[in-house]
Structure formats: C-alpha cells, structure tokens
Undergrad: 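My questions will all concern the structure given below.
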Amino acid sequence: MASGRIAEVVRPAAGGIRRHVSDLLEHLDGSRFLPTLFAPEDFLPDRPIPNLSRHNVDIRASTDPLRDYRTVGELAQLLRGNIDLVHAHGLRGAVVGGFAARRAGLPYLFTVHNLLPDLNLVQSLVFREMARKANRVIAVSAAVATTLQSVGLSAQQIAVIPNGVDLSRFDRPTEPDRTRAVLGLKAGERMVLGVGRLASEKGFDILIEAFASLQARLPDARLVIAGDGPEAPRLRMQAEASGSGVIFLGHTPDTVPLFEAADIVVAPSRQEGQGIVPLEAMAAGRPVVASRVGGLVETIIEGQTGLLVPSDDVRALAEALKNLLEDPERRAEMGAAGRHRVRHEYSLQTQVQKIEAIYSDVFQRTA
C-alpha cells in the first residue's frame, strides 16, 4: 500500500527534464509512493510505463496570465482529494503546479533543472511568491542552486540532487563495430559524438565549426549528431557548407549503442544546468569534451574524466578533440575513470532514493 500519492507536474519538455520525470515515474518505490503524471497532452515519457496514471493539463511553454489562471484552477480541482504531495518540474511547471497545490491545500516542492534565466520584474515576483512557500526546492547541481539563491531562496530550502544514470542500460551487450558500420564509418575511422536537443544553448554550431577545422588535420575523423530541435535545419545547412560530412541522425530513442561506438562524446553547451549526456557518456566508458559552464564543471573532472574548454571557443574545442583523438591510451583512462565516477556518485538508484527521502521528510513535517 503506497503511503503517499505524488503528483509529478511537468511543462512541455524534452531532453533532461523528460528523462528525469520518466525515471521517477518508473523507479519510485511503489510500496511507498504512487505517482501520477500531470502534463500537456503531447508530453510522452521516454519509454512506455505500465499502468501509468496521468491527466492531461494545459501547461504551455510561455506565460499567459489568463490561461495560466484557468490552468491553475483546473489542476487544483484534479489534485484536491486525489493527491498528497505535488512535485513540479521546470519553472513553468513549478509556477502552475505550485499555485495549484496551494489552492488545493497541499504541500509542494519543485525541481529546477536549468540555470535560472533572467526574469523580468513580474516574473521574478511571481516566482518568489510561489517559491517562498514551497516545502522544498531541488536543484540538479550546485550551479543551479547558486542561481536560486541569487533571487532570494535560502540555502536551507534547497537540496542539491544531481540527475542519475540507469547503469543497467549500459551493462547490456552492444556491438560497437556493427553500429559504426550502420553509420557508414570505415574501419579505423574515429567517431566524435554529440547528443542532445538541437537548440542554440546546446552549442552544436560551435561543434560543427570546430569539427570542420579538426577534420582538415584528421581526415579520418567523423562527427555524428543525434537529436532534433529548432536549430536542425540551420545546423544541417552549416554542416553542408563546411563540407565536413556530418552525420545527422535526428531523434534517436536509444542512444546507448552510439555512446558505446564513439571515441569521444562532446557537450559544447553555452549553458547547462547539469547535463545528462555527459553522465551517459561516462557510464558508457567514454571521455567527454565539454564547455566550462554551469553544472558541467561539477560533473566532469578536468583531466580525469574529460576535458573542459571555454564555451563558444572554436579553436579550444578543436584542439581538445584533436589531442584526445590522437591519444587512445588517455581516452581509455578517462573513460574508465568516468564510468567509476558515475557508478559511485551518479547512479539513478541514488538519485531516486534522495528524492524519496525528500518526499518522506515533507510528509513528516506536514503531518
């Protein structure tokens, strides 16, 4: 018998937020917690979750005061009498979910997955009003927690719980050579992999430019990019103009075979709350080259599990890639160190247990 009925409230989301919510819905201890998803109709978990209870809620990506007011009322009605604790995700989900929880007379907490953006006066006032009465706030990295404190949240209210990786996904046998052959790579060619949403903040334009420079010196290098997003058409045009033969895979549900096949994984982000892709790369035993921004600085140990370079620095990124591609022994050492780090510090089991402990603490304090 579950001891707490948990509403997982989420805005339109892809990437890390969707992965995080999917993991919670699947791995929460069902003998203690019964989760229900409250999300936009087009929000789908990363994978089918048997017997998932859900309600479609009209939470939009952008603010609309009148529409949001109606959505808060509708959500509060769904929550009242059916839910014991609200856990919201992302700032939009937090605002709508937080105010709905208050209207329904329920405790609530929320997770902030990204660095807090610049808020105008109205947005800042609304966020602070919602946040100051939250029972707890979860940040996925210390960098995210710092941005929350900068707008007035206390350190005591914030719990830093990094995202974790389901290591069982990386323990199953794969066929790297077959994956590389399917991608069209020839024997001996070296594979650089980028995975993520194709949006400006992810910096794939910088990666493509850096790779074009790199390929002039290492013609046997190949760049594979898995993911989709608003920048996809422009990035394809950029790659075509560079003549570097970038392989675009589009949306790829299962990226584990790609990580296993890669020599290096790149996260060229301009901003990053934490970064699940580098964690997955490390779980696969692959070194990571990433921008020195946000939570990436906490995830990657410079010189041990990967290399960090300034964001938007084409030359530095190309040089880091070249140095690692030319040093297979160092790549192997970094990959092994990364896998050890994820196994001991970033497992999904640890992440879920810490969130469950937050749920239990809120229940005890509000009983």
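Computed over heavy atoms, backbone and side chain alike; hydrogens, waters and symmetry mates excluded. Since the model is a prediction, treat every value here as computed from it, not as a measurement. All residue numbers refer to positions in the sequence shown, counting from 1.
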Undergrad: Does the side chain of Q274 come under 3.5 Å of the side chain of H113 through a donor N or O and an acceptor N or O?
TA: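 Result is no, nothing qualifies.
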
Undergrad: Taking atom CG of L85 and atom CZ of F363, what is their separation to the nearest 0.5 Å?
TA: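 Atom-to-atom, L85:CG and F363:CZ are 4.5 Å apart.
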
Undergrad: Just verifying a value: how many Å separate I158 CD1 and I161 CD1, rounded to the nearest 0.5 Å?
TA: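 Those atoms lie 12.0 Å apart.
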
Undergrad: Any chance you could measure K133, atom NZ, to F99, atom CZ, to the nearest 0.5 Å?
TA: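 Answer for the NZ-CZ pair, K133 versus F99, is 9.0 Å.
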
Undergrad: Cluster question for you: counting only ILVMFWY and a side-chain heavy-atom cut-off of under 4.5 Å, with indirect links fine, are V288 and V165 together?
TA: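 Yes.
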
Undergrad: Just wondering, are more than 12 heavy atoms of other shown residues or ligands nearer than 6.0 Å to CD in E129?
TA: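 Counting neighbours around CD of E129, more than 12 heavy atoms of other residues, nucleotides or ligands fall under 6.0 Å, so yes.
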
Undergrad: For residues L79 and A104, report the shortest heavy-atom separation together with the two atoms involved.
TA: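 Smallest heavy-atom distance, with atoms named: CB-CB, 4.2 Å.
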
Undergrad: Do you know the tightest heavy-atom contact between F204 and G196?
TA: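 Taking every non-hydrogen atom into account, CZ-N, 3.9 Å.
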
Undergrad: Show me the pairs that pass salt bridge (charged side-chain N to carboxylate O under 4.0 Å, His left out) and involve residues 317-328, at least two apart or across chains.
TA: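 Every salt bridge (charged side-chain N to carboxylate O under 4.0 Å, His left out) pair that includes a residue of residues 317-328, provided the two are not neighbours, is R217-E319, K322-E326.
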
Undergrad: If every non-hydrogen atom of Y359 is compared with every non-hydrogen atom of E8, which pair is closest and at what distance?
TA: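 For Y359 and E8, the tightest heavy-atom pair comes out as OH-OE2, 2.7 Å.
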
Undergrad: In the structure I gave you, are the side-chain heavy atoms of V224 and F248 within less than 4.5 Å of one another anywhere?
TA: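 Not touching, per the 4.5 Å side-chain cut-off.
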
Undergrad: First locate atom CG of L116, then atom CD of Q149, and finally report the distance between them rounded to the nearest 0.5 Å.
TA: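 CD of Q149 is found 12.0 Å from CG of L116.
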
Undergrad: What is the minimum heavy-atom distance between P45 and L25, and which atoms define it?
TA: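 Result for this residue pair: CG-CD1, 4.5 Å.
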
Undergrad: Hydrophobic cluster membership, with links at side-chain heavy-atom distances under 4.5 Å among I/L/V/M/F/W/Y: are V342 and V195 in one?
TA: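 V342 clusters together with V195.
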
Undergrad: Taking the side chain as every heavy atom from C-beta outward, state whether E280 and I276 have any pair of such atoms under 4.5 Å apart.
TA: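 The answer is yes; the side chains approach within 4.5 Å.
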
Undergrad: Would you say L24 and L44 are hydrophobically clustered, going by side-chain heavy atoms of ILVMFWY under 4.5 Å?
TA: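 Cluster IDs for L24 and L44 differ.
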
Undergrad: Using side-chain heavy atoms (C-beta onward) and a distance below 4.5 Å, is L317 in contact with P268?
TA: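 A side-chain contact under 4.5 Å exists here.
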
Undergrad: Could you tell me if T36 and H55 have a donor-acceptor pair between their side chains, going purely by distance under 3.5 Å?
TA: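 Looking only at side-chain atoms, T36 and H55 do not form any donor-acceptor pair under 3.5 Å.
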
Undergrad: Whether the side chain of N135 engages the backbone of V362 through a donor-acceptor N/O pair (distance < 3.5 Å, no angle test) should be reported.
TA: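 No; judged by distance alone, with no hydrogens or angles, the pair does not exist.
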
Undergrad: Just checking, is any N or O donor in the side chain of Q351 or H20 under 3.5 Å from an acceptor N or O on the other one?
TA: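 The criterion, which ignores hydrogens and geometry beyond distance, is satisfied for H20 and Q351.
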
Undergrad: If you look at every heavy atom in S291 and L296, which pair is closest and at what distance?
TA: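 Heavy atoms of S291 and L296 come nearest at O-CD1, 3.4 Å.
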
Undergrad: Does the side chain of R365 come within less than 4.5 Å of D361's, by heavy atoms?
TA: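 They are in contact (side-chain heavy atoms under 4.5 Å apart), so the answer is yes.
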
Undergrad: Does a donor on one side chain sit under 3.5 Å from an acceptor on the other, for R32 and S360?
TA: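 The answer is yes; a qualifying pair exists.
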
Undergrad: Are L34 and V10 linked, directly or through other ILVMFWY residues, by side chains that come within less than 4.5 angstrom of each other?
TA: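 In one cluster: no.
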
Undergrad: Return the CG to CD distance between L153 and Q156, rounded to the nearest 0.5 Å.
TA: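 Those atoms lie 11.0 Å apart.
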
Undergrad: Check E272 with K202, please: is the shortest side-chain N to carboxylate O separation under 4.0 Å?
TA: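 Looking at K202 and E272, the cut-off is met.
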
Undergrad: Run through R60, R92, R11 and flag the one making a salt bridge (Lys or Arg N to Asp or Glu O under 4.0 Å) with D68.
TA: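 Going through the options one by one, the only one that passes is R92.
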
Undergrad: Determine whether N82 and L78 make a side-chain contact, defined as any pair of heavy atoms from C-beta on separated by less than 4.5 Å.
TA: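 Side chain of N82 against side chain of L78, heavy atoms only: no contact under 4.5 Å found.
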
Undergrad: Is it the case that one hydrophobic cluster holds both V72 and V57, taking links as side-chain heavy atoms less than 4.5 Å apart, direct or via other members?
TA: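 Yes, one cluster joins them.
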
Undergrad: What pairs with V256 under side-chain contact (heavy atoms from CB on, under 4.5 Å), at least two apart in sequence or on another chain?
TA: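 Expected list: R169, F170, R172, T174, D254, E260.
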
Undergrad: Not counting sequence neighbours, list each pair that qualifies as a salt bridge (charged side-chain N to carboxylate O under 4.0 Å, His left out) and has a residue in residues 228-246.
TA: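 Found E231-R234.
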
Undergrad: Should the pair R47-D23 be classified as a salt bridge under the 4.0 Å nitrogen-to-oxygen rule?
TA: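 Counted as a salt bridge, because a side-chain N and a carboxylate O are separated by less than 4.0 Å.
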
Undergrad: Compute whether any side-chain donor of one residue and acceptor of the other, for T255 and T252, lie under 3.5 angstrom apart.
TA: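 Side-chain D/A pair, T255 to T252: absent.
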
Undergrad: When rounded to the nearest 0.5 angstrom, what is the spacing between CZ in R270 and OG in S311?
TA: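 Between R270 CZ and S311 OG, I get 7.5 Å after rounding to 0.5 Å.
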
Undergrad: Quick one: closest heavy-atom pair of L325 and A221, and the distance?
TA: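 Closest heavy-atom pair between L325 and A221: CD1-CB, 4.2 Å.
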
Undergrad: Kindly indicate whether the side chain of I138, heavy atoms from C-beta on, has any atom under 4.5 Å from the side chain of F110.
TA: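 No, every pair of side-chain atoms sits at 4.5 Å or beyond.
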
Undergrad: Any side-chain heavy atom of V140 within less than 4.5 Å of one from V160?
TA: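 No, their side chains stay 4.5 Å or more apart.
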
Undergrad: With a 4.5 Å cut-off on side-chain heavy atoms, are V192 and V266 touching?
TA: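 When only atoms from C-beta onward are counted, V192 and V266 do touch, with a gap below 4.5 Å.
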
Undergrad: Passes salt bridge (Lys or Arg N to Asp or Glu O under 4.0 Å), D263 versus R190? Steps please.
TA: CA-CA 6 Å; D263 292 293; R190 290 169 280 192; over 6 Å; no

Undergrad: Could you check whether D42 pairs with R18 (Lys NZ or Arg NE/NH1/NH2 to Asp/Glu carboxylate O, under 4.0 Å)?
TA: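 R18 and D42: not salt-bridged.
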
